[in-house]
Amino acid sequence: MILIRIRGSSSSLHRFRLNVSAHVFYKWRQSCQAPTFNFAAFSSTAASRALNIIPVEENVGSLYAPSSEIKKCNTLNIQRENLKNGLREDDGISARLVDICAAAGELDCAFQILNDLSGFRYSGSWNKVISLCIEKKLHGEVSSLISRILDKNVTLDDVALANILRACSGVKVGFHFVEQVHAKIIRYGFSTNQHVCNPLIDLYLKTELVDSAIQIFKNMGTRDSVTWVAMISGLSQSCREMEGILLYCEMRKLGVFPTPYIFSSVISACTKVNLYELGEQLHAQILKWGFSSELFVCNSLVSLYSRCRNLTFAELIFSEMQHRDRVTYNTLISGFAMQGSSEKSLELFEEMHTESLKPDSVTVACLLGTCASMGVLHKGVQLHSYAIKAGMCSDIIIEGSLLDLYVKCSEVKTAHKFFLATQTDNVVLWNVMLVAYGQMGDLQESVHIYSQMQNKGLQPNQYTYPSILRTCTSVGAIDLGEQVQTQVIKTGFQPNVYVCSVLIDMYAKHGKLETAQKIFRRLSEDDIVSWTAMIAGYAQHDMFHESLKLFVEMQERGIRSDNIGLASAISACAGIQAFDQGRQIHSQSVVSGYSSDISIGNALVCLYARCGCILEAH
DNA sequence: ATAGGGTTAG
C-alpha cells in the first residue's frame, strides 16, 4: 500500500505535488506494518513543509486513487524506520495530517492521531477537528474535545483561545463550560485582550449570559468595531434591543465610525422593537456613509420596511439591489406573507429560481404560513412535495408549518396522520394539535394532548396555555380552566397578553367579572381583545353601566373598538335605555366600516326596539 | 472575523 507519493523531481521540494491518503497513513501507523514503502531521506521538517504546500482538497480527491495511477507517479522511497522515528512524533506533520483527515471528513482518524500523540501541543489542528464536529453536528464531541484541550494544561496563546471560543460559539455549550474557558483566559492574563474578548463576548451573549458579556465589554482596554458589532447584535438577539440601540448611540458619541456590520445590527434591533422612524434615520446615515449597496445592509433595510408595512419601499430597495441572496428573498417573502399577499410571496418564490437561488426551509416555512392563513390548500400541498424533494421535511419548522397548514385547511385526518408520523419532541406540533381539537370543540382530545405532552416532558409554553384555555372557555369547562391557571402560576410562567386575555374572556363570559377585572387591571399593555372581553362580559351579565363606563374609558384612551366591543356597548345602551348614546355609537360603527356587521345589527335592533323606535329597528 | 431572513395564538 502506498502512503505518501511525491510527484516531480526530488531536487526541489517546493515544487512537489504530494498526495497523501490520510486514512491509509493512519492505518499504516496503527499496524506499523511496512507497506512497499518508498521515501527519500527527508528530514521531518522537509516532509512537514512538503505536506504544507499541498492544497487539502487535492489530497482528499486522491484519497482513493487507483493503483495504476500511483504507479505512474514518480514515487520516492523512504524507510519505514525513517518515518517511524522522524515523522511520528513530529507535531507539524501530525497537525497537517489531522487537517487532511478533517478536510476528508475522516473524523475517527483525526481523533486517533490527536489521541495517540502524547506530547501533542495545542495547534490549529484541534480547531480543524472541532470545526468538523460542528459541521457534522457532533455537539457532544466538541465539548469533550475542548475539555481535553483544557485538561491538557498546555499553554494557550490569545489566538488559540480565540479559536476555542469561536468553536464553542458554533455549538450549544453550557455556561459552566464558558466560565471554565473564561477562567483560563483570566489565568493567562488575556481578560482585556480584544482578540480574546470579542469572541468571549459573543459566546456569553449566545449563552444568554448577557450581563457577563457587558462586564467584559466594560473592562476591555481597547474596543474595535468587531467588539461593538458583537455587543449590539448580541443584545438585539437576546431581546435587549433597546440596550443595543443605546450602545450604538454611545459608540457614535465616542466618535467611532460605523461599519456596514454595525448598521445591519442596529437596524435589525430597530425593526424588532418597531422603532421605524429611527430605522429610517439610520437609512439616511447609511446613504451618507456610502453603504447603501452592501448586501447585509440592504437585507436589514428590506426587513425594516417590510415590518413597518411599507412594502412598496421594501420592494424598491429590493429591486435596486445589484446582488440579492436567499435572505433578501426570504425577507421580502415573509413581508408579503405577513401582509397576507400570498400570491406576491409565491411569485417571489418562482423568481428565486431565475436568479439561481435555491429556496431553503425558511423560504418554504414562510410560504406554508401564508398558504395556511389564506387557506390555499393546493399551493400548500405543492410546497409539501417541494419540501420532500428538497429533503427539508425533517426540519422542525417545516414540520410545524405543514401541520398548521393541514389544520387551518380543516384537513383533520391528514393533520392527524402527519402528527403521528412525526415522533419528535417539538412543542409546536403539540400546540397546533391543541388548536385543532379546540376548533372542533373536542375537549376530551384537547385535554388528552395537553396531558400527554407533559408526560413526554414537554413544557407548555405561551402558545399552549391560551389554546387549552380557549377550549375550556368555549365548552364551558371553567373548573378545568381554573386548574390550568393554577398550573400557570405554580410553574412560575409569566403570563403574556394572550394568556391574560383568554383568562379575562373565560371569567367574564361565565359571570366571574371581579376575577376578570383583577386580571384586566393588572395587564400593563392596552390589548383590544381584553377590553372587548370585559365590555362584552359586563353587557352579557346585565351590568350595563359598568360595560358602558369601560367602553368610554377605552375610547378616551384612544383605543379603537372592534365590532364585538361596539355591539356590546350598543346592547348596554339598550339595557339602560340610553338611546342617544346608543345612536352615537351606531354612527361610530358606521364610520368604522361595521355597517353590515351582524352582531352590531342585532344590538341595534334591540336598542331601537326597546327605545320605541320600531321604524328604525325595522 | 463581527452582520441579515423563519413555524404554532384571539
Side-chain angles (χ1 to χ4, degrees), chain A residues 162-163 165-166 169 194-195 198-199 201-202 205 223-234 236-237 258-269 271-272 291 294-304 306-307 324-335 337-338 359-370 372-373 392 395-405 407-408 426-436 438-439 461-470 473-474 496-506 527-530 532-533 562 564:
Chain A
N163 281 330
L165 291 164
R166 275 183 219 105
S169 162
Q194 59 175 319
H195 299 291
N198 286 346
I201 285 175
D202 180 60
L205 287 163
R223 299 158 184 162
D224 58 10
S225 76
V226 179
T227 321
W228 291 100
V229 175
M231 280 304 293
I232 294 169
S233 71
S236 169
Q237 279 156 19
T259 63
Y261 291 90
I262 300 268
F263 278 124
S264 41
S265 309
V266 70
I267 292 248
S268 159
T271 308
K272 283 179 78 183
F291 296 144
E294 295 279 343
L295 177 68
F296 275 62
V297 172
C298 288
N299 285 350
S300 64
L301 286 170
V302 171
S303 172
L304 173 80
S306 292
R307 289 287 171 134
R324 287 174 279 266
D325 70 357
R326 195 184 284 175
V327 176
T328 324
Y329 272 91
N330 288 348
T331 310
L332 196 59
I333 286 174
S334 99
M338 271 188 299
D360 62 1
S361 56
V362 177
T363 325
V364 178
C366 280
L367 292 166
L368 283 169
T370 162
S373 54
M392 49 175 79
D395 184 305
I396 60 164
I397 290 157
I398 295 292
E399 274 187 339
S401 322
L402 277 170
L403 186 64
D404 185 53
L405 170 83
V407 167
K408 287 232 174 76
N426 180 0
V427 196
V428 175
L429 299 177
W430 294 83
N431 287 344
V432 174
M433 285 313 282
L434 211 52
V435 173
Q439 272 170 1
N461 64 11
Q462 77 264 34
Y463 288 86
T464 322
Y465 294 125
S467 297
I468 186 80
L469 285 167
R470 199 163 294 122
T473 308
S474 68
N496 60 8
V497 64
Y498 288 101
V499 177
C500 291
S501 72
V502 69
L503 279 171
I504 292 164
D505 188 46
M506 180 177 85
D527 177 51
I528 175 74
V529 180
S530 303
T532 305
D562 59 7
I564 307 290

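Atom set for the values below is all heavy atoms of this structure, side chains included, hydrogens, waters and symmetry mates excluded. Residue numbers begin at 1 in each chain, while the letters A, B, ... track the order of the sequences.
Counting non-hydrogen atoms under 4.0 angstrom, Glu399(A) reaches nothing in the nucleic acid. Base engagement by Ser264(A) is indicated by at least one non-hydrogen atom pair under 4.0 Å involving a base atom. Within the 4.0 angstrom heavy-atom criterion, only backbone atoms of the sugar-phosphate kind lie near Ser268(A); the bases stay farther away. In this structure, Asn198(A) reaches neither bases nor backbone, as no heavy-atom distance under 4.0 Å exists between it and the strands shown. In this structure, Val502(A) reaches neither bases nor backbone, as no heavy-atom distance under 4.0 Å exists between it and the strands shown. Across all strands shown, Ile396(A) has heavy atoms under 4.0 Å from base atoms, whether or not it also approaches the sugar-phosphate.
For the OP1/OP2 pair of dA1(B) and a distance below 4.0 Å, the side-chain nitrogens and oxygens of Arg166(A) include at least one atom meeting the criterion. Proximity of Lys408(A) to the phosphate of dA9(B): a side-chain N or O atom is located under 4.0 Å from OP1 or OP2.
Under the side chain to side chain donor-acceptor pair (under 3.5 Å) criterion, Arg223(A) pairs with no residue at all, not counting sequence neighbours. Residues satisfying the salt bridge (charged side-chain N to carboxylate O under 4.0 Å, His left out) test with Asp360(A), not counting sequence neighbours, are Arg326(A).
For the 3.5 Å distance criterion, the side chains of Thr473(A) and Asp505(A) fail to qualify, holding no donor opposite an acceptor. With hydrogens and angles left out, the side-chain atoms of Thr227(A) and Asp224(A) include a donor and acceptor closer than 3.5 Å.
Checked against dT8(B), dA9(B), dG10(B), the side chain of Asn431(A) finds its nearest nucleotide in dT8(B). In the set dG6(B), dA3(B), dG10(B), dA3(B) carries the atom at the smallest distance from any side-chain atom of Ser265(A). In this structure, the nucleotide among dG6(B), dT2(B), dA9(B) sitting nearest to the side chain of Val229(A) is dT2(B).
Taking every heavy atom of both residues into account, Ser300(A) and Ile267(A) meet most closely at O-CG2, 3.5 Å.
The aromatic ring of Tyr261(A) does not stack onto the base of dA3(B), failing the criterion of a centre distance under 5.5 Å from the six-membered base ring together with planes under 30° apart.
When rounded to the nearest whole Å, the span between CD of Gln237(A) and C1' of dA3(B) equals 9 Å. Atoms CG (Leu405(A)) and P (dT8(B)) sit 11 Å apart, rounded to a whole Å.
Remark: the Ser334(A) side chain and the dG6(B) base include no donor-acceptor N/O pair separated by less than 3.5 Å. Scanning atom types as modelled, no donor and acceptor separated by under 3.5 angstrom connect the side chain of Asp360(A) and the base of dG6(B).
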